[in-house]
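Computed from heavy atoms alone, side chains included, the values below leave out hydrogens, waters and symmetry copies. These figures come from a predicted structure and were not determined experimentally. A note on names: the letters A, B, ... follow the listed sequences, proteins ahead of strands, and every chain is numbered from 1.
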Number of protein chains: 4
Amino acid sequence: MPTEKVDYRRIATEITEKIKSGDLAPGEKLPSTRQLAEQYGVHISTINRVMTILKDRGLVEGHPGKGVYVAEPTQSS
Amino acid sequence: MPTEKVDYRRIATEITEKIKSGDLAPGEKLPSTRQLAEQYGVHISTINRVMTILKDRGLVEGHPGKGVYVAEPTQSS
Amino acid sequence: MPTEKVDYRRIATEITEKIKSGDLAPGEKLPSTRQLAEQYGVHISTINRVMTILKDRGLVEGHPGKGVYVAEPTQSS
Amino acid sequence: MPTEKVDYRRIATEITEKIKSGDLAPGEKLPSTRQLAEQYGVHISTINRVMTILKDRGLVEGHPGKGVYVAEPTQSS
DNA sequence: GTGGTCTAGACCACG
DNA sequence: GTGGTCTAGACCACC
C-alpha cells in the first residue's frame with residue numbers, strides 16, 4: 001500500500017529512513033524545527049507534528065532549549 | 001513526578017487504557033472528534049493530535065466520513 | 001497538471017472520457033445514481049457530486065424522475 | 001420561464017460574474033466558506049458545492065489551511 | 001535561540 | 001456530519 005501522500009507522513013517517513021539507515025546517527029542533532037520547516041517547505045506546526053510522531057516511536061528525543069536528537073536504539077526490530 | 005503531563009499525552013494515555021482494558025472493544029466506534037474535544041475541554045486540534053498518535057500506534061483506525069474505530073488487535077502483549 | 005485522483009474527480013474524468021469518445025452517445029441514458037455508486041464503489045452522494053460537475057460542464061442533463069442523459073454537443077472542443 | 005436556478009447555481013454564477021468582471025481580482029482571497037455561507041444565507045455544504053464547480057471551471061484555487069483564491073486567468077475565451 | 005503545547009480556523013474528501 | 005491535513009500564531013520553558 002502506498003502510504004506516501006500527505007506532507008507530515010512523508011516527512012516522518014523520510015527522517016525515519018535516515019535514522020534507520022544510519023544516515024542520522026544516534027546522538028546526532030537534527031536541524032532546528034524552523035530549519036526543517038523551511039527545508040521541507042511546510043509550516044513549523046507540520047514539523048512539530050512529525051516530531052510528535054517520531055518521539056512517540058522512540059526514534060528521537062527533544063531537549064527544549066537545545067534541540068532534537070536521534071535516540072539511542074533500544075530493542076526494536 | 002509523573003502526574004500525567006500535557007493534555008494530548010494525558011488524553012492519549014486515557015484512551016489507550018480504555019482500549020487495553022477492553023473498556024473500548026475492537027470495532028467499537030469512538031465519539032466524534034468534536035464530542036471528544038468538548039468532553040475533554042480541549043480544542044479539536046488537540047484531539048486530532050491524539051488520534052494521530054493512536055493511529056500511529058495502530059490502536060485505532062479512522063474512517064473519514066464515518067468515524068474512528070478501535071482497531072482489531074494484531075500481536076500486542 | 002495532475003488529474004487528481006480523489007474519487008469524485010476520478011469518476012468525473014472517466015465518465016467525461018466515455019462521453020468524449022462516444023462510448024456514451026448523446027441522448028443516451030446513464031445508469032442510475034444508485035447503480036453508478038455501486039459500480040464505482042462509492043457513496044451515492046459522491047456520484048451526486050460528480051453529476052453536479054458534469055452538468056456544469058454541459059456534458060449531461062438531468063431529468064428529474066427520469067434519469068440523467070448525455071447532452072447534445074454544442075460547440076465545445 | 002424564469003431563470004429557475006437553484007441556490008448553488010445562482011451563487012456560482014454570481015461569483016463567476018464577479019471574477020469575470022474583475023470585481024474579484026486574480027490572486028485575491030475569497031471570504032471563508034463559513035462567511036460565504038452566512039452571507040448568502042445557505043448551508044456550508046452548498047458553498048462547498050459551489051466551490052467544487054468554480055474549481056472545476058478553473059476560476060479559483062483552494063489552498064488548504066489558508067483559503068480559496070481567484071485563479072490567474074489562463075487562456076479562456 | 002531552542003523545543004513544545006495549545007488554540008483557532010482554513011480547505012478537503014467522503015458518507 | 002465525519003475525519004484529516006495544513007497554516008498561523010499564540011504562549012511557555014529552557015539555554
Side-chain angles (χ1 to χ4, degrees), chain A residues 5-12 29-37 40-56 60-69, chain B residues 5-12 29-37 40-56 60-69, chain C residues 4-12 33 37 40-50, chain D residues 29-37 43-45 47-52 54-55 60-69:
Chain A
K5 1 176 215 229
V6 293
D7 285 349
Y8 88 87
R9 199 160 294 178
R10 176 177 56 82
I11 297 172
K29 183 183 178 298
L30 271 65
S32 79
T33 38
R34 277 99 175 158
Q35 282 180 310
L36 287 171
Y40 284 103
V42 296
H43 195 267
I44 290 180
S45 307
T46 300
I47 297 297
N48 274 334
R49 192 180 335 191
V50 170
M51 290 308 162
T52 297
I53 291 182
L54 262 37
K55 280 185 292 182
D56 188 69
V60 301
E61 287 173 359
H63 292 89
K66 296 169 62 179
V68 175
Y69 297 78
Chain B
K5 13 340 117 119
V6 291
D7 284 352
Y8 87 88
R9 200 160 292 177
R10 175 178 57 81
I11 298 172
K29 182 181 177 300
L30 272 65
S32 79
T33 341
R34 276 102 175 153
Q35 281 179 310
L36 287 172
Y40 284 103
V42 295
H43 194 266
I44 290 181
S45 307
T46 299
I47 298 297
N48 273 335
R49 194 184 332 192
V50 170
M51 291 307 163
T52 298
I53 291 181
L54 262 38
K55 281 185 292 183
D56 189 68
V60 301
E61 288 174 359
H63 292 88
K66 296 169 65 176
V68 175
Y69 297 78
Chain C
E4 289 318 342
K5 33 235 98 309
V6 289
D7 285 352
Y8 85 89
R9 200 161 293 178
R10 175 177 56 81
I11 298 171
T33 311
Y40 285 102
V42 295
H43 197 266
I44 289 181
S45 49
T46 299
I47 297 297
N48 278 332
R49 195 173 331 188
V50 170
Chain D
K29 182 182 178 301
L30 271 64
S32 77
T33 313
R34 221 178 301 272
Q35 283 178 309
L36 287 172
H43 195 269
I44 288 183
S45 48
I47 298 296
N48 275 333
R49 197 183 328 193
V50 170
M51 289 308 161
T52 296
L54 261 36
K55 280 185 289 184
V60 301
E61 288 175 358
H63 291 88
K66 296 170 65 177
V68 175
Y69 297 78

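- Using a 4.0 Å heavy-atom cutoff across all strands shown, C/Thr46 reaches sugar-phosphate atoms only and no base atom.
- To the nearest angstrom, P of E/dC14 lies 8 Å from OH of C/Tyr8.
- Here E/dA10 presents its P atom at 12 Å from CG of D/Asn48, a figure rounded to the nearest Å.
- Protein atom OH of A/Tyr69 is 15 Å distant from nucleotide atom C1' of E/dG4, rounded to whole Å.
- Distances from the side chain of D/Arg34 to the nucleotides E/dA10, F/dG9, E/dT7 place E/dA10 closest.
- Distance CG/A/Leu54 to CD1/A/Ile47: 10.0 Å, rounded to 0.5 Å.
- Comparing E/dT5, E/dG3, F/dT7 against the side chain of B/Arg49 picks out E/dT5 as the nearest.
- At whole-Å resolution of the value, CD1 in B/Ile11 and C1' in E/dT7 are 13 Å apart.
- Put simply, CZ on C/Arg10 and OG1 on C/Thr46 are 10.0 Å apart, with the number rounded to the nearest 0.5 Å.
- Here F/dT7 presents its P atom at 8 Å from NZ of D/Lys66, a figure rounded to the nearest Å.
- Each of B/Val42 and A/Lys55 was assigned the nucleotide of DNA chain E with the nearest heavy atom; the assignment lying further toward the 5' end belongs to A/Lys55.
- Residues A/Thr52 and B/Tyr8 meet the side-chain proximity criterion, which asks for heavy atoms closer than 4.5 Å.
- Among the nucleotides E/dC14, E/dT5, F/dC6, the one closest to any side-chain atom of B/Val6 is E/dT5.
- Residue-level contact check: C/Ser45 touches the bases, meaning some heavy atom is under 4.0 Å from a base atom.
- Regarding B/Leu30, its CG atom lies at a distance of 16 Å from the C1' atom of F/dG4, rounded to whole Å.
- Using a 4.0 Å heavy-atom distance criterion, A/Lys29 is classed as making no nucleic acid contact.
- Between the CZ atom of C/Arg10 and the P atom of E/dC14 there is a distance of 9 Å, rounded to whole Å.
- Across the strands present, E/dC14 finds its partner in F/dG1; the criterion is a Watson-Crick or G-U wobble pair with both atom distances under 3.5 angstrom.
- The separation between D/His43 atom NE2 and F/dT2 atom C1' is 13 Å, rounded to whole Å.
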Task: Residue pair D/Thr33, D/Met51: steps toward the side chain to side chain contact (heavy atoms under 4.5 Å, CB included) verdict - done: CA-CA 9 Å; D/Thr33 313; D/Met51 289 308 161; 5.7 Å; no
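- If you find the closest nucleotide of DNA chain E to A/Pro64 and to B/Pro64, the one lying nearer the 5' end belongs to A/Pro64.
- Residue B/Thr33 places at least one side-chain N or O under 4.0 Å from the OP1 or OP2 atom of F/dG3.
- Residue B/Lys66 places its NZ atom among 12 or fewer non-hydrogen atoms of other residues, nucleotides or ligands, all under 6.0 Å distant.
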